[in-house]
Engineer: 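Before we start, here is the structure in question, set down as structure tokens.
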Amino acid sequence: MALLELDSVTRRFGGVVALDSVSLAIGEGEIAGLIGPNGAGKTTAFNVVTRLYAPDGGRLSFAGRDLLRVKPHRIVGLGIARTFQNVELFRRMTVLDNVLVGAHSRTGFGGEKEARAEALETLSYLDLAHLARRPATGLPFGTLKRVELARALVSRPRLLLLDEPAGGLNHEEVEELKGLIRRIRQDFSVTVFLVEHHMALVMSVSDRVHVLNFGRKIAEGTPAEVRENPAVVEAYLGA
Amino acid sequence: MSVGFAVRAGAFVLAVGAIALLPRFISDFRALQLGTVAIFFIALLGLNILTGHAGQISLGHGAFMGIGGYTTAVLTSDFGGLSWEMNDLATVPIAGLVAGVVGFLFGFPALRLAGVYLALATFALAVALPSLARSQKLAGITGGSEGIILPRLPPTGDWLYYVCWSFALPMFVLAWLIVRGRLGRAFRAVRESEIAAVSSGISLPLYKTVAFGISAFYAGVAGALLAIPTTAIFPDTYPVALSIILLTGVVVGGLGSLAGMAIGALFIQFIQTDGPQWLQAVLDRVGVDINETAPGVPSVLYGLLLLAVLLTARSGVAGLLARGVSVLTNRIYHRPIKRQATPSRREA
Ligand SMILES: Nc1ncnc2c1ncn2[C@@H]1O[C@H](COP(=O)(O)OP(=O)(O)OP(=O)(O)O)[C@@H](O)[C@H]1O
Ligand SMILES: [Mg+2]
């Protein structure tokens, strides 16, 4: 059974159909890529899965549970954590506090000590421990993306949604990110669903790639299959 | 236990000692004024949790003080059919709870609003309270425009001082515990990014209403304490202006800084009343002649003072002091370091 399943999901914004009856399934342990030209609906797909946006039609399930019955703030507790395309950090809070908020769903009142230990551990894992006491604001964009990743990981998700993790990274950092995504899957036994414009990155880390164009799913397959797919080639050349 | 914690705890102990001893050195009238400062301090602590930490603006906290004050008046007096005639100090926590519950419930409609809209909705509360208290329908409870006489005779300054600070200090510690823990962190997360807060498992309805409830509890306690020296309360004991004064106090003291609320409370008590005279004395000295009896002049002078404070201390007086201290400590503890190139916000 798939871990995450979208069944004919539609979402409109006024006249724009951001998601047009999209169906896809992601298996446990996979690294899945989601690509498509600007405005294809990739971020909207993440927003629907995390319940920030209600779909106009279709069904969503996670580990066999109907996501449409889950409140937005309960999503992370179910095991779905995410990062944001344009970074949504708590800017005037320290890096450590940002990550501690990520642990909110797992630790009750009185779990502060344990939460702190885990947050620091996660920060070290991502080489951010030296920034723990710094306020998030003022850090470089690439570092902010990493802090967001730490905040998502500390919730110990089963499914990690990454919206353009390579945004703002230079060539070497992107190379490093490839290794990091694979390591995270191993070390946290997590399924990864990844939106990215950096083709070399998606194609090298993904087991399967899903392609959107104007809200429709136009292709799905292994990176090699997708690269050869005429509809995909056309979508990218036509864009 | 960190150094920062030890320093703060030390400063708190010193402050408690100073507060305990101060009445020996000041007149009873000053003690009365400083007792009122403690009352504003309590109200500002609560408002700061809501506005400074949870990021929800309120222009209606005078109304929550009013609810606290009326609760105490009703419970202590022999007025009307309900004559509980309780001890006034015993009613203070009850007044806090009543205001807190109303604040919590008010949080629900407030959920749909943000920014200016929320400010207006809370302002409506401040406007409505005096009219409600005056209304004939509720006169059986509130005494209408005649108000309610409280049984206690005007207390001495020392009495009020010690009573109010005995409430203020534990409530300061409570506020500090709230703010530094998981709850305060969740409040700040809501303030900084609602989307990220929700995605991290924080329920916006829950945390916003709880923030409203806590801050209204503080306001209720403050309003109840204010009723005691007033000895009688009327619809205008808690006027619309009170709500604005409270918000001003929070901003002057420093949004997010709890200790700064003491400064905000002093500002409310002294600058509001005596500030215009001081400024006028200064202006007289430099040869500017103002007709102080002209209507509105004190308000204009107060406005000028407020502007001056806000312009020099953008993050409140507490922020200004913290910056001053950090400049000094940096001088002392750090050799001048080469400035790192400021990392650009966005490299993308
Ligand atoms: N909140 C919103 N309100 C109105 N329109 C929206 C909203 N969110 C997305 N859209 C529209 O939906 C379409 C899909 O947007 P989406 O952000 O999902 O694209 P994307 O694939 O993530 O693009 P990009 O690669 O540029 O990030 C776009 O036309 C966008 O303008
Ligand atoms: Mg996007």
Side-chain angles (χ1 to χ4, degrees), chain A residues 46-47 50-52 71-78 80-94 96-112 115 133 136-145 148 151-152 154-155 161 164 166-170 173, chain B residues 1-5 48 51-55 111 174 176-210 214 254-257 314-316 319 322-323 326 339-348:
Chain A
F46 276 15
N47 286 339
T50 52
R51 304 288 287 117
L52 294 180
K71 293 212 170 119
H73 73 274
R74 299 246 183 244
I75 287 290
V76 69
L78 275 190
I80 304 178
R82 70 174 292 179
T83 66
F84 295 85
Q85 182 171 349
N86 293 314
V87 175
E88 281 286 341
L89 279 174
F90 312 117
R91 293 190 163 260
R92 284 182 293 167
M93 294 165 66
T94 62
L96 177 61
D97 273 352
N98 269 276
V99 179
L100 279 168
V101 175
H104 185 92
S105 64
R106 293 184 47 239
T107 53
F109 287 93
E112 190 69 12
R133 312 255 158 223
T137 181
L139 295 172
F141 194 68
T143 310
L144 295 178
K145 290 228 128 186
E148 260 200 333
R151 182 178 67 194
V154 81
S155 72
L161 307 176
E164 302 198 14
L169 300 189
N170 65 30
E173 289 166 334
Chain B
M1 211 159 287
S2 66
V3 179
F5 178 82
N48 204 358
T51 303
H53 289 268
L111 287 175
L174 177 65
W176 182 73
L177 289 174
I178 290 172
V179 157
R180 75 191 284 269
R182 174 183 146 98
L183 188 57
R185 193 167 55 229
F187 286 158
R188 290 186 292 279
V190 170
R191 174 192 76 195
E192 295 290 303
S193 166
E194 293 198 351
I195 289 182
V198 173
S199 304
S200 303
I202 292 169
S203 155
L204 296 180
L206 179 66
Y207 282 84
K208 285 187 184 177
T209 48
V210 165
I214 291 173
L255 282 170
S257 157
R314 290 299 265 300
S315 43
R323 265 205 305 283
S326 78
R339 268 225 165 192
Q340 285 179 313
T342 327
S344 62
R345 283 270 161 89
R346 226 154 262 262
E347 295 175 345

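Side-chain atoms are counted along with the backbone in the values below, which use heavy atoms only and exclude waters and symmetry mates. Numbered from 1 within each chain, the chains take letters A, B, ... in sequence-line order.
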Engineer: Is the Lys NZ or Arg CZ of B/R191 less than 6.0 Å from the centre of B/F187's six-membered ring, within 45° of the axis?
Structural biologist: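 Cation-pi check for B/R191 and B/F187: fails.
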Engineer: Looking only at heavy atoms and a cut-off of under 4.5 Å, which of B/G181, B/G201, B/A186 has the most pairs with chain A?
Structural biologist: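 Sorted descending by pairs with chain A, the first entry is B/G201.
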Engineer: Using heavy-atom distances under 4.5 Å, tell me whether B/L183 contacts chain A through its side chain, its backbone, both, or neither.
Structural biologist: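 Contact with chain A: backbone and side chain both.
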Engineer: Please classify the contact of A/R106 with chain B as side chain, backbone, both or neither, using a heavy-atom distance under 4.5 Å.
Structural biologist: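 Interface part for A/R106: neither.
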Engineer: May I ask you to decide whether B/E194 forms a salt bridge with B/K208, counting only side-chain N to carboxylate O separations under 4.0 Å?
Structural biologist: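 Looking at B/E194 and B/K208, the cut-off is met.
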Engineer: For chain B, which candidate among A/T50, A/D97, A/N47 shows the most heavy-atom pairs at distances under 4.5 Å?
Structural biologist: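 Answer, by heavy-atom pair count under 4.5 Å with chain B: A/D97.
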Engineer: Please determine if A/E173 and A/K145 form a salt bridge, counting it only when a charged side-chain N lies under 4.0 Å from a carboxylate O.
Structural biologist: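 No, this pair does not count.
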Engineer: Looking at chain B, which one of A/R92, A/R51, A/E112, A/R82 has the largest number of heavy-atom pairs inside 4.5 Å, strictly under?
Structural biologist: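 Maximum pair count with chain B is reached by A/R92.
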Engineer: A/T107, A/I75, A/L89, A/I80: which one forms the most heavy-atom pairs within less than 4.5 Å of chain B?
Structural biologist: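 Greatest number of close heavy-atom pairs with chain B: A/T107.
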Engineer: Does the separation of the ring centres of A/H73 and B/Y207 fall below 6.0 angstrom?
Structural biologist: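 Centroid distance A/H73-B/Y207: not below 6.0 Å, so no.
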Engineer: Around A/R74, counting heavy atoms of other residues, nucleotides and ligands shown, do more than 12 lie under 6.0 Å from its CZ?
Structural biologist: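 Counting other residues, nucleotides and ligands, CZ of A/R74 stays at 12 neighbours or fewer.
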